[in-house]
Amino acid sequence: RGSVDQAFKTPDNSELVIQEVKGPSAQLGTAKVPGPDGGTVAATQGSDAYLRWVLRMDTQLRDKVLADSALLHGLLEGTTKLRYRLVQPNEAGYVRVAEFIIDQSKLDLRGWLEGP
């Protein structure tokens, strides 16, 4: 809770991939997160609001991005795409990967990376 399950960048820095990894019978979780008006909202894993919150909570990921100048520049300039997806096997071991549709403008990546 409060950190991404998996994150990796592509070798050419064109993508930063954030993954929610679930067991075969697990459901997406929810959390009370800060809303745009300063209050709190219930957000489900896979939503813009949840990803925005977890990025701010996961200081290890932020520190790794800040230490990688090419990745940092790409995220700030918009040349690196942020992808968010679900990885979940079924009981037989077949792994399903599903892309969450996110609006990067709602994530405030600049605010996350430049901080207060």
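These values consider heavy atoms only, across backbone and side chains, with no hydrogens, waters or symmetry-generated copies. Along the sequence shown, the residues carry numbers beginning at 1.
- K22 and Q45 share a side-chain donor-acceptor pair at under 3.5 Å.
- One finds the CG atom of L76 at 8.5 Å from the NE2 atom of H73 (value rounded to the nearest 0.5 Å).
- Residues L61 and L66 fall within the same hydrophobic cluster, defined by Ile, Leu, Val, Met, Phe, Trp and Tyr side chains chained together at heavy-atom separations under 4.5 Å.
- By the side-chain contact (heavy atoms from CB on, under 4.5 Å) test, A67 pairs with no residue at all, sequence neighbours left out.
- Residue N13 comes nearest to A70 through the heavy atom pair ND2-CB, 3.3 Å, listed as atom of the first residue, atom of the second, then distance.
- Of all the heavy atoms in W53 and P34, the pair that sits closest is CD1-CD, 3.6 Å.
- Judged by distance alone, the side chain of T44 and the main-chain N or O of T30 form no donor-acceptor pair under 3.5 Å.
- For the atom pair L51 CG and L55 CG, the distance stands at 4.5 Å (nearest 0.5 Å).
- To the nearest 0.5 Å, the span separating CG on N90 from OG on S25 amounts to 11.5 Å.
- Shown here are the side-chain contact (heavy atoms from CB on, under 4.5 Å) partners of P89, two or more places apart in sequence or in another chain: P24, V95.
- No continuous path of ILVMFWY side-chain contacts below 4.5 Å connects L86 to V17, so the two sit in separate hydrophobic clusters.
- No donor-acceptor distance shorter than 3.5 angstrom exists from the side chain of W112 to the backbone of R62, with no hydrogens or angles considered.
- Note on L107: it clusters hydrophobically with L28, by side-chain heavy-atom contacts below 4.5 Å among ILVMFWY residues.
- Taking 4.5 Å as the limit, every side-chain heavy atom of Y84 sits out of range of all side-chain heavy atoms of Q19.
- A donor-acceptor pair under 3.5 Å links the side-chain atoms of Q88 to the main chain of A26, judged by distance alone.
- Around OH of Y94, the count of heavy atoms belonging to other residues, nucleotides or ligands within 6.0 Å does not exceed 12.
- For residues 94-108, the salt bridge (charged side-chain N to carboxylate O under 4.0 Å, His left out) pairs, not counting sequence neighbours, are R52-D108, R56-D108, R83-E99.
- Judged purely by atom type and a 3.5 angstrom limit, Q104 uses its side chain to pair as donor or acceptor with the backbone of L82.
- From I18, atom CD1 reaches atom OG of S3 across 10.5 Å, with rounding to the nearest 0.5 Å.
- The closest donor-acceptor contact from the side chain of D58 to the backbone of V4 lies under 3.5 Å.
- Rounded to the nearest 0.5 Å, atoms NZ (K9) and CG (L16) are 9.5 Å apart.
- Rounding to the nearest 0.5 angstrom, the gap separating the OG1 atom in T10 from the CG atom in L71 is 8.5 Å.
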